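A quick write-up on the structure given underneath.
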Amino acid sequence: MSLWGNKDTVYSTGNVTTIAITNGDGVITASGSTWNSGNGVVPGLVITMGAKGSGVIKSVDSTTQLTLVGATGLTAEGSLTQAYNISEQPKSLVVDSNYDGNEIYGVDTTEQSVANGASGEARQYAPAHAGWVGITTYVDTHGNLRVKTETLVAGSTITSDAENTKFPNS
């Protein structure tokens, strides 16, 4: 598999229910999921579990269990319910300390155009280019929202939209 692809979502059905971490690698178990090559879940993809962290899929152990390599930000947790997204985002971003997994977005050309034409807070999220974009936000000393966008990998062929909150299609 290449270092990155163009699918913002390959698979996202169900919830992660447990995370086990050993020496930087992780094993995650899910419910309501069917992880297999038939639905596109293969080694080399990135799974992001919101604020829980992310990792690169090392192996698909069963339809409900994955082994990760380079699990970043993950801690072992017993029973939990956490939505996830499996994407073709750049694998190197999993270990990039500048961004959490949930701060990387696949932005297609339509979303980029809409963001650049927006006003107010929505305009602050406008990336300079479509592709894999990192976004960090903070509030300055005057209470103003500040947004930093960085095009990490420029690309005009992002597909399979993962979200429409920050980057709506219209």
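Since we're looking at a predicted model, the values are computed, not measured. Only this structure's heavy atoms are used, side chains among them; waters, hydrogens and symmetry mates stay out.
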Distance (rounded to the nearest 0.5 Å) between [X] [atom1] and [Y] [atom2]:
X    : Y   : atom1 : atom2 : result
L152 : D96 : CG    : CG    : 7.5 Å
K91  : I57 : NZ    : CD1   : 10.5 Å
T159 : D8  : OG1   : CG    : 8.5 Å

Regarding [X] and [Y], do their side chains bring together a donor and an acceptor under 3.5 Å, going by distance alone?
X    : Y    : value
D61  : T67  : yes
Y105 : E111 : no
T9   : N85  : yes

Taking side chain as C-beta onward, heavy atoms only, is [X] less than 4.5 Å from [Y]?
X    : Y    : answer
Q82  : N15  : no
M49  : I19  : yes
W132 : Q89  : yes
S12  : I86  : no
E103 : N98  : no
E150 : V133 : no
K58  : L68  : no

Using the side-chain contact (heavy atoms from CB on, under 4.5 Å) rule, take F167 and V114 through it: C-alpha gap first, then chi angles, then the decisive distance, then the call. CA-CA 8 Å; F167 296 106; V114 169; over 6 Å; no
Flag yes if [X] and [Y] sit in one hydrophobic cluster, no otherwise; membership is Ile, Leu, Val, Met, Phe, Trp, Tyr, and two members link when side-chain heavy atoms are under 4.5 Å apart.
X    : Y    : result
V42  : I28  : yes
I135 : Y138 : no
Y125 : Y99  : no

For S54, run the side chain to side chain contact (heavy atoms under 4.5 Å, CB included) check against V94, I104, N102 and tell me which one passes.
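For S54, the side chain to side chain contact (heavy atoms under 4.5 Å, CB included) check succeeds only for V94.
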*What residue among L45, V41, N36, I47 forms side chain to side chain contact (heavy atoms under 4.5 Å, CB included) with Y11?*
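Going through the options one by one, the only one that passes is V41.
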Using modelled atom types only, decide if a donor and an acceptor are shared between the side chain of [X] and the backbone of [Y] within a distance under 3.5 Å.
X    : Y    : answer
N6   : T157 : yes
Q112 : A128 : yes
S33  : T13  : yes
T151 : A154 : no

Q. According to the ring-ring contact (aromatic ring centres under 6.0 Å, His included) rule, which pairs have a member within residues 48-76, sequence neighbours left out?
A.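 Sorted pair list comes back empty.
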### Task
Please list all pairs passing the ring-ring contact (aromatic ring centres under 6.0 Å, His included) test where one or both residues lie in residues 43-98, with sequence neighbours left out.
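For residues 43-98, and leaving out neighbouring residues, the ring-ring contact (aromatic ring centres under 6.0 Å, His included) pairs sorted by first residue read W35-Y84.
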Scanning both residues in full, the closest heavy-atom pair of P43 with S59 reads CG-CA, 4.2 Å
- Item | Shortest non-hydrogen contact between A126 and T149, atoms and distance |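 A126 and T149 have their closest heavy atoms at O-OG1, 3.7 Å.
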Carefully, step by step, assess K7 and I158 under the rule side-chain contact (heavy atoms from CB on, under 4.5 Å). CA-CA 6 Å; K7 290 185 179 67; I158 298 293; over 6 Å; no
Residues passing the salt bridge (charged side-chain N to carboxylate O under 4.0 Å, His left out) test with R146, sequence neighbours excluded, are D140
Report the C-alpha distance between K52 and V16 in whole Å, list the side-chain angles of each, state the deciding distance to 0.1 Å, and finish with yes or no for side-chain contact (heavy atoms from CB on, under 4.5 Å).
CA-CA 10 Å; K52 298 291 183 189; V16 171; over 6 Å; no
